[in-house]
Each structure stands twice: as structure tokens, then as C-alpha cells.
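What follows is a single structure, written as C-alpha cells, with notes after it.
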Amino acid sequence: MNLALVHSRARTGVRAPEVRVEVHLGGGLPAMSLVGLPEAAVREAKDRVRAAIQCAQFEFPQRRITVNLAPADLPKDGGRFDLPIALGILAASGQIPLDALGGCEFIGELGLTGELRAIDGVLPAALAAADAGRRLVVPAGNGAEAALASRAEASTARTLLEVCAMLQGRKTLPAAVALPVRTATGPDLAEVRGQAQARRALEIAAAGAHHLLMVGPPGCGKTLLASRLPGLLPAASEEEALESAAIASVSGRGLDPARWRERPYRAPHHTASPVALVGGGAQPRPGEISLAHHGVLFLDELPEWSRQALEVLREPLESGTVTVSRAARSAEFPARFQLVAAMNPCPCGWAGDSSGRCRCSSDAIARYRGRLSGPLLDRIDLHLDVPRLPSAQLRPDAPAGESSSQVQARVVAARARQIARSGMPNAQLGPAALAAHCRLAEADQALLERAVDALQLTARSMHRILRVARTIADLAGAEAIASAHLAEAIGYRRVEFQGDSRAA
């Protein structure tokens with residue numbers, strides 16, 4: 001038999017499409033050609049494969065070798081196809097049994113000695129192989145990651161020789177084993193002194209998956225509060241954790257298999273570019289907003305970010321996905337993140353402070369706040385003032401607030417009510433669900449309409465007030481939205497920022 005077929009997986013965004021590695025040995029001068037839209041790293045596989053086969057004490061065929069990576073219109077990159085190409089050559093030349101390849105998929109980069117080296121994007125490949133009903137063979141360095149896919153059958157190998165021994169029936173490869181999951185020990189909300197209203201807003205944001213903007217002077221605790229939000233969120237389900245882990249796997253930044261159940265918390269610097277936020281590159285990789293999928297994205301010093309970087313957030317905040325398009329390819333990444341932003345009230349940071357130290361002119365303050373567009377602010381559910389605390393409240397012996405575990409218990413109960421009622425957090429309710437689950441009494445509807453007219457709010461802002469009010473009612477265990485719930489929700493819209501929101 002001069003023809004062999006080996007199953008493998010490519011990497012396209014967070015998907016792992018199947019690739020059929022077809023190897024044909026023909027007559028003519030010895031040569032090896034790779035077809036099927038391979039990029040440079042794939043074309044270089046011929047030299048790695050030749051050396052690995054020879055170091056494993058196999059014979060490299062002195063014939064014309066054609067390797068086709070199908071489908072031909074799918075770009076192939078990286079060293080992940082080294083192992084299947086080597087196995088295809090050995091099977092086509094009769095050195096390993098051809099029929100043993102059928103029920104397996106293979107991915108892995110080969111060293112010149114035949115050593116198998118770890119690659120990225122193994123978790124999506126393991127999930128896809130499980131759906132196809134095949135066993136996946138991966139390098140030993142990727143075993144812990146492949147084992148995260150509990151429904152997948154994955155084996156690990158250290159060398160090409162071990163894989164060939166398995167296919168010849170002389171050796172059994174060890175199953176991929178997951179690492180013990182570490183218990184998350186994040187910062188505790190009890191460490192935050194005072195700031196009762198900010199703690200309340202953080203609880204509401206966690207319960208309904210609402211976006212939050214905190215405005216206050218330097219050192220008032222905005223960053224401290226934001227870092228406590230992941231500890232208030234309900235534990236991620238296995239499906240959510242796998243989605244987040246798959247994004248980290250293909251990002252090229254590595255995945256810690258022992259911490260895969262933790263909700264991500266991303267806090268990029270304000271000098272980050274739009275591409276760093278949404279993803280990009282010649283071979284599209286996820287950006288910060290996708291790496292924060294099912295977690296928290298914290299943007300500090302919000303007005304210091306470039307206008308272009310902030311505006312790219314608008315669509316993902318609504319849709320929960322981001323599409324990165326390039327000339328040769330495009331990729332879609334999930335981006336259902338929870339935004340927490342922080343900013344100062346003016347360039348010096350002290351506008352409105354009781355100390356009176358602010359010397360910024362009204363024009364300077366207007367220009368500073370004008371860096372944030374109305375449509376972006378319109379998409380943030382909760383706008384919160386975080387004041388500077390009196391020094392007496394910062395004493396070490398000052399009364400501590402509730403711990404994260406105490407607040408999380410209420411958040412979990414409120415989120416469970418939302419899931420049972422509509423199948424999603426309140427922040428994601430659509431128009432039909434709003435009409436069904438956020439009905440107001442006649443007097444409360446009149447109150448909302450007066451607030452919309454007085455604050456010059458958009459329809460989007462009005463709907464976000466309703467979603468927040470529904471969450472406040474869920475935290476209180478109420479079946480219907482009451483006047484107190486609605487009034488508190490209206491209080492989380494900053495009046496001074498509403499003038500630009502009509503641009504939405």
C-alpha cells in the first residue's frame with residue numbers, strides 16, 4: 001500500500017476543524033512535497049519528520065512523497081501536523097500497520113530526535129475528537145490539558161517511537177491525567193473598609209452580571225473593589241470553565257490546567273491597543289475581552305484609553321462575541337465578559353472632593369469626561385460614585401464588612417432565581433424577556449418615564465434600569481419589582497454623563 005490516511009486537527013479561532021493527512025509514495029526522484037495551504041512552519045515539517053524517523057530507527061522512504069493536508073482551502077499553521085505526517089509516511093511504506101490509524105487522531109510537534117513537544121490549542125482538539133468518536137494522542141506535555149475534556153479519550157506519548165509501538169500492539173500509551181484543581185484563594189471583600197454603597201453595587205453587579213463604572217478620586221478603593229468581584233460570582237459550570245479554558249489554550253499565552261475552574265480576571269494597561277483588546281494578528285488570536293470570557297474585564301483609568309480602543313468594546317458588550325477578520329481568514333471568539341471600569345472625576349482626580357483641592361476648570365473637566373462616548377456609557381448598567389473615606393474608617397480596628405463568601409451566598413441565590421425564570425442572568429434579558437419578567441405597576445411605570453425624561457435617557461438606558469431593578473428584586477427575594485427596587489436602580493445612572501448618551 002502506497003497511500004495512508006491519518007486524522008488530525010487544525011486550529012481556527014477556538015475551533016479545531018478536522019484535517020485529513022493523506023500521504024502518497026510514488027515513483028521518481030526522492031523528494032517530499034506538502035500541499036493543502038501549509039504555512040512556513042508546516043512546510044518546514046519535512047526536515048523535522050525526516051530526522052525524527054531516522055532517529056527512531058525507521059527507514060525514510062527514498063521515493064517521491066506527497067503529503068496532502070485536506071481540506072485544501074483551510075490554512076494550516078504550526079508544528080501540530082509533524083506527528084501525523086510522520087505516521088502517514090511510516091504507514092504508507094508498510095513499517096506500521098495502516099488499519100491501526102483509523103480510530104485515532106494525532107497532533108504534536110516533533111523534535112529532531114523524535115521527541116514529542118507540546119503545542120497550543122489541545123483542549124479544543126480533544127473536545128472535537130470526542131465528538132468524532134476517536135481517541136486523541138498528544139504529547140506528554142499536553143496531557144493535563146487534554147484530560148480537562150472529561151468526555152474525551154486521550155493518551156500521551158513522549159516520543160514518536162512510543163506512538164509507533166502502540167500502533168504495532170507492543171505498548172499501551174498512558175491515559176491523559178488531569179492535575180488536581182487548586183482551590184481559589186482570591187482577595188476577600190472583608191478587607192475593604194467602609195464604602196457601603198460601593199459594596200452594594202458590587203453585589204448587584206455580581207448577581208445580575210451587570211457592567212459597572214466606578215468614579216472617584218485616587219486611592220478611594222476602586223481597584224480594590226474591582227479585584228473582589230470574581231470572588232462574589234457564582235462558581236463557573238463545567239461548560240463555562242471549558243469555554244474559558246479553550247480560549248486560553250489557543251491564545252498562545254498558556255493554560256494552567258490546575259486553575260481551569262477559576263473565573264478569569266483580566267486587567268490590561270490603558271496603553272493596550274485595540275488589537276490587544278479584541279484580538280488579531282495574521283493568525284487570529286483572542287484578545288483581552290475573549291480571555292475574560294465568563295469572567296471580569298477591569299479597565300482602570302478609563303478616559304486614558306484611546307478612543308478607538310474603547311469603541312471596539314461596544315459590539316461585544318451587546319453580542320457577547322467578536323469576529324476578527326483578516327485578508328486570508330477570519331475567526332470568531334466568544335466574549336461574554338463582565339466589564340468593570342474605573343475613572344477619576346477630573347484630570348487631577350479631586351473634583352467634588354470635600355477638601356476642595358481640585359483646580360481643574362470646567363472646560364478641562366468637560367474635555368476629560370468627553371473622552372468617553374455616550375454610546376459606550378449607555379451600555380454600562382451601573383454608574384457609581386466612590387467617595388474618599390474619612391481616615392477614621394481606615395483604622396486597622398475599624399469594623400470589617402461582610403466577607404466574600406457571605407455576599408456570594410446571596411448572589412448565588414439571586415442568580416439561581418434568574419436561571420430558573422429565564423435561563424440567563426438579568427443583564428442578558430432581551431426585549432421579550434424584559435416584557436415578561438420586568439413588569440411594573442402603573443405608578444412605578446410613571447416614575448420610570450419621569451426619570452427617563454428628566455435624565456434624557458435612551459431606550460437602552462431605560463431597559464438597563466429595568467434589568468438592574470429586576471436583579472435588586474431577586475436579591476430581596478421579591479417576585480415583582482417594587483418601587484424601592486426601581487428607585488435604587490434609577491440612582492445608578494450618572495446625571496452628568498447622560499447628555500452625550502443621546503448620540504447612541
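The main-chain N or O of Leu339 is found under 3.5 Å from a side-chain atom of His211 such that the two form a donor-acceptor pair. Looking only at distances, a side-chain donor or acceptor of Gln406 sits under 3.5 Å from a matching main-chain atom of Ser403. For the pair Lys171 (side chain) and Gly169 (backbone), a donor-acceptor distance under 3.5 Å is absent. Looking only at distances, a side-chain donor or acceptor of Ser290 sits under 3.5 Å from a matching main-chain atom of Pro334. Without hydrogens or angle criteria, Arg285 side chain to Gly279 main chain gives no donor-acceptor distance under 3.5 Å. In terms of modelled atom types and a separation under 3.5 Å, the side chain of Gln418 and the main chain of Ala207 share a donor-acceptor contact. The closest donor-acceptor contact from the side chain of Ser227 to the backbone of Leu224 lies under 3.5 Å. With hydrogens and angles ignored, the 3.5 Å screen pairs no side-chain donor or acceptor of Arg135 with any backbone N or O of Gly103. Arg158 places no side-chain N or O within donor-acceptor distance of the main-chain N or O of Pro139, the cut-off being under 3.5 Å.
Interatomic distance, Ile96 CD1 to Leu160 CG, rounded to the nearest 0.5 Å: 8.0 Å. Ile289 contributes atom CD1, which lies 9.5 Å from atom CD of Glu315 (distance to the nearest 0.5 angstrom). How far CG of Leu310 is from CG of Leu372: 6.5 Å, rounded to the nearest 0.5 Å. A distance of 8.0 Å separates CG in Leu384 from CG in Leu225, rounded to the nearest 0.5 Å. Atom CG in Leu148 sits 9.5 Å away from atom CD in Glu238 (nearest 0.5 Å). Rounded to the nearest 0.5 angstrom, Asp256 CG and Glu262 CD are separated by 8.0 Å.
Considering Arg415, Arg464, Arg421 as possible partners of Asn426, the one that fulfils the side-chain hydrogen bond (donor to acceptor under 3.5 Å, both in side chains) test is Arg421. Asp82 pairs in a salt bridge (Lys or Arg N to Asp or Glu O under 4.0 Å) with only one of the listed residues (Arg117, Arg48, Arg43), which is Arg48.
For Glu203, the side chain to side chain donor-acceptor pair (under 3.5 Å) partners two or more places apart in sequence, or in a different chain, are Arg410. Judged as a salt bridge (Lys or Arg N to Asp or Glu O under 4.0 Å), and not counting sequence neighbours, Arg467 has no contacts.
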From CA spacing to verdict: salt bridge (charged side-chain N to carboxylate O under 4.0 Å, His left out), Arg336, Glu240: CA-CA 10 Å; Arg336 184 67 69 183; Glu240 291 175 336; over 6 Å; no
Trace of the salt bridge (charged side-chain N to carboxylate O under 4.0 Å, His left out) decision for Arg15 with Glu332: CA-CA 9 Å; Arg15 298 187 303 107; Glu332 183 174 278; over 6 Å; no
Asp300 vs Lys222, salt bridge (charged side-chain N to carboxylate O under 4.0 Å, His left out): CA-CA, chis, key distance, verdict: CA-CA 9 Å; Asp300 200 6; Lys222 301 186 294 295; 5.8 Å; no
Salt bridge (charged side-chain N to carboxylate O under 4.0 Å, His left out) assessment of Arg170 paired with Glu162: CA-CA 9 Å; Arg170 296 186 291 106; Glu162 285 188 357; over 6 Å; no
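Ring geometry, Phe298 versus Tyr265: the interplanar angle falls under 30°, so the pair is classed parallel (tilted spans 30 to 60°).
Surrounding CD of Gln308 are at most 12 heavy atoms belonging to other residues, nucleotides or ligands under 6.0 Å away. The number of heavy-atom neighbours closer than 6.0 Å to CZ of Arg50, taken from other residues, nucleotides and ligands shown, is above 12. For Arg64, the CZ atom sits in a loose shell: 12 or fewer heavy atoms of surrounding residues, nucleotides or ligands are nearer than 6.0 Å.
Ion pair Arg253/Glu288 flagged as a salt bridge, since at least one NZ, NE, NH1 or NH2 atom sits closer than 4.0 Å to an Asp/Glu carboxylate oxygen. Salt bridge status for Arg314 with Glu318: absent, with no side-chain N to carboxylate O gap under 4.0 Å.
Judged purely by distance below 3.5 Å, without hydrogens or angles, the side chains of Ser422 and Gln428 never pair a donor atom with an acceptor atom. Side chains of Ser8 and Glu105: no donor on one and acceptor on the other come within 3.5 Å. Looking only at atom types and distance, the side chain of Ser93 has no donor-acceptor partner in the side chain of Glu59 under 3.5 Å away. There is no side-chain donor-acceptor pair under 3.5 Å between Ser237 and Glu239.
Here the side chains of Thr271 and Ser306 are not in contact, with every heavy-atom distance at 4.5 Å or above.
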